[in-house]
Every structure is written in structure tokens, then in C-alpha cells.
Amino acid sequence: MTSYAGRGVHGQVVERLGYRIVSGEVPEGATLDLRELAEELDISLTVIRETLKVLAGKGLVAARQKRGTFVRPRSEWNMLDADVIRWRVAGGKGEALLRDLAELRAIVEPAAVRHAAERRTDADLAALERALTAMGEAGDDTDAAAAADAAFHRALLTASGNEMLTQLDQLMEPVLRVRDDIVHAPHGVADDPVPSHRAVLEAIRERDADRASAAMVDLLAKSVADFDLAVRSASRPGE
């Protein structure tokens, strides 16, 4: 996922302030002094104001007469925003977020693959096959493994034929990539992911909705087990 950091001065300021807020460095309810921020970051008030418009769109800040610009309560943040997700992970909230992702996937993906089995096209099957091939070829390349896994699950949601389900990829992919980085890290706890994904693909190919859903449930259970094992192994590096 592309971050704001690569989008010039304005983008870099969005990154810095967004991270500060989501990580808790700037607490909920805090009032932001625009001139002080401009001086600290050596930028113009115009850049600060444009930055705050972006963060307001994510639910992180608001402005009121007599109060000024302030950080909104966490309950009012847009937790489905991809940048907010990424800032939460970078701020050390990754494990809780990954648990939330696992629960969301358990609700969404078994149902999505049922639709995929009923509605998939040849193009959908080709996209799934390409992702599975890339997964098998990734080897110890963590980035390649994460990209292939993300591509496979993106193709699954697309194959459902439901545009709203397809849009969920924008929410799930940033967190899924973090999960894959942990599972495929050099401590070597992850086994071959291809068979569990292949089982889902073959059921979709054969238009067997029940088997596709059951295979996805198995895949997600394995995903949770792999993540738990990776976390435990990472916490015992000397063993």
C-alpha cells in the first residue's frame, strides 16, 4: 500500500501527524497549536491546514469555535481507513489489530468463497492460479510471499462478484501484509501455504460452494495457528 510519505512535503506531514495521533503520542482531546506545529516542522500554515483536512477526513481531528483544532476520541476515528490501520500497526498496536482481522476474515471469507464458487469466471480462476503460482515460487522471500497471499485473497473477493466485498480488500490487505511479515519472518515457523490455498481454489473451480467454504474455514484456522506459533517463536529467539 502506498503511504503518504512518498507524496511530497504535504504527504510527509500527514504521515507524521497521523502517526503521532494514532500511536497516542498526541492524546485524545489534545488541542493542536497550528503555529507551533508549523514552526516545529518548518512548514507553512497552509501545509498544516491542508494536512489537518486530510486527518479530519479520517476522523482523527476536528475544529470548533473557541476550542480550535483537537484530537477526536478514538471511538470516532475511522478504523477502516487504510492509513489509520497502518499507523496503528506502526505504533505497536499490531497484535490486537491482527486478532481483529482474523475475526473479520472468519465472518467474511467463508461466505465470499461460496459466492465465488457460484459466480467465478475464467478470468477469476486465472488470477487465483497466478497468485498461487507466485506463492509457491516465493520461497524465503517474505515480501514476495506476502504479496502473493494478498493477491490470492484479493482475487477471491473479486471472484465473489460482489463489489462491496471486493472493496473490503482495501481494509484487509494492509493488515494481512503485516500478518504475513510476522508469519514468514526468518524464524521459520511457517510451512508451505500452497496446499491450503489450493484446496480453496479447486473447490471454486469445481463450483462446489460447500467445499469451498469448508476449505476456507480450514485455511483461516491454519492462519490463526501459524500466527500464534510465529508470535510465540519470536518471543523466544534463543530457543
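Heavy-atom basis, side chains included; hydrogens, waters and symmetry copies ignored. Predicted model, so just to flag it, every value in this text is computed and none were measured.
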side-chain contact (heavy atoms from CB on, under 4.5 Å) assessment of Val200 paired with Arg198: CA-CA 5 Å; Val200 174; Arg198 171 66 68 184; over 6 Å; no
Same apolar cluster (I L V M F W Y, side chains within < 4.5 Å links), Val84/Val13: yes
Minimum side-chain heavy-atom gap Val71-Trp77 below 4.5 Å: yes
In one Ile/Leu/Val/Met/Phe/Trp/Tyr side-chain cluster, 4.5 Å: Val113, Met172: no
Side-chain heavy-atom pair Ile204, Leu156 within 4.5 angstrom cut-off: yes
Same apolar cluster: Val217 and Leu104, side chain cutoff 4.5 Å: no
For the student: nearest non-hydrogen atoms of Ala127 and Ala155, plus distance: CB-CB, 4.1 Å
Side-chain (Ser23) to main-chain (Tyr19) donor-acceptor, under 3.5 angstrom: yes
Heavy-atom closest contact (Trp87 atom, Leu60 atom, distance): CZ3-CD1, 3.9 Å
Pair Arg114 + Asp210, salt bridge at N-O below 4.0 Å: yes
Validation row: His10, Val54 side chains within 4.5 angstrom (heavy atoms): yes
Atom of Val108, atom of Leu165 and distance for their closest heavy-atom approach: CG1-CD2, 3.8 Å
Chi angles and distances behind the side-chain contact (heavy atoms from CB on, under 4.5 Å) call for Leu125, Leu201: CA-CA 8 Å; Leu125 292 177; Leu201 171 54; 4.0 Å; yes
Linked, directly or transitively: Leu52 and Val9 (ILVMFWY side chains, under 4.5 Å): yes
Contact summary for Ala117 and Ala203, nearest pair of heavy atoms: CB-O, 4.4 Å
Heavy-atom closest pair, residues Gly18 and Leu55: CA-CD2, 3.9 Å
Donor-acceptor pair, side chain of Thr51 and main chain of Val47, under 3.5 angstrom: yes
Ion pair check, Arg120 and Glu206, cut-off under 4.0 Å: no
Where Leu45 and Ala38 come nearest, the two heavy atoms and their spacing: CD2-CB, 4.2 Å
Lys/Arg N to Asp/Glu carboxylate O, Arg211 vs Glu202, below 4.0 Å: no
Thr69 and Thr31, any side-chain heavy atoms less than 4.5 Å apart: no
Side-chain heavy-atom pair His197, Leu219 within 4.5 angstrom cut-off: yes
Separation between CE of Met79 and CD1 of Ile85, rounded to the nearest 0.5 Å: 10.0 Å
Derivation and outcome, salt bridge (Lys or Arg N to Asp or Glu O under 4.0 Å), residues Glu173 and Arg154: CA-CA 8 Å; Glu173 181 170 344; Arg154 186 186 314 120; 3.0 Å; yes
Residue pairs involving residues 155-166 (criterion side chain to side chain donor-acceptor pair (under 3.5 Å); sequence neighbours excluded): none
pair Glu109-His153: side-chain heavy atoms closer than 4.5 Å: yes
Polar side-chain atom of Asp124 near backbone of Thr121 as donor-acceptor pair, under 3.5 Å: yes
Connected via hydrophobic side-chain network under 4.5 Å: Val194 and Met216: yes
Separation between CG of Leu128 and CZ of Phe152, rounded to the nearest 0.5 Å: 5.0 Å
Between Gln170 and Gln167, a side-chain donor and acceptor under 3.5 Å: yes
Pairs satisfying salt bridge (charged side-chain N to carboxylate O under 4.0 Å, His left out), at least one member in residues 69-81, at least two apart: Lys58-Asp81, Arg72-Glu76
Spacing of Ile43 atom CD1 and Ile48 atom CD1 [to the nearest 0.5 Å]: 3.5 Å
Arg207 vs Glu118, side-chain contact (heavy atoms from CB on, under 4.5 Å): CA-CA, chis, key distance, verdict: CA-CA 6 Å; Arg207 298 191 185 278; Glu118 296 163 355; 5.9 Å; no
Validation row: Pro110, Leu220 side chains within 4.5 angstrom (heavy atoms): yes
Reported OG-to-CE distance for the pair Ser196 and Met135, which is rounded to 0.5 angstrom: 7.5 Å
Summary of salt bridge (charged side-chain N to carboxylate O under 4.0 Å, His left out) pairs that have at least one residue in residues 36-47, sequence neighbours excluded: Arg20-Glu40
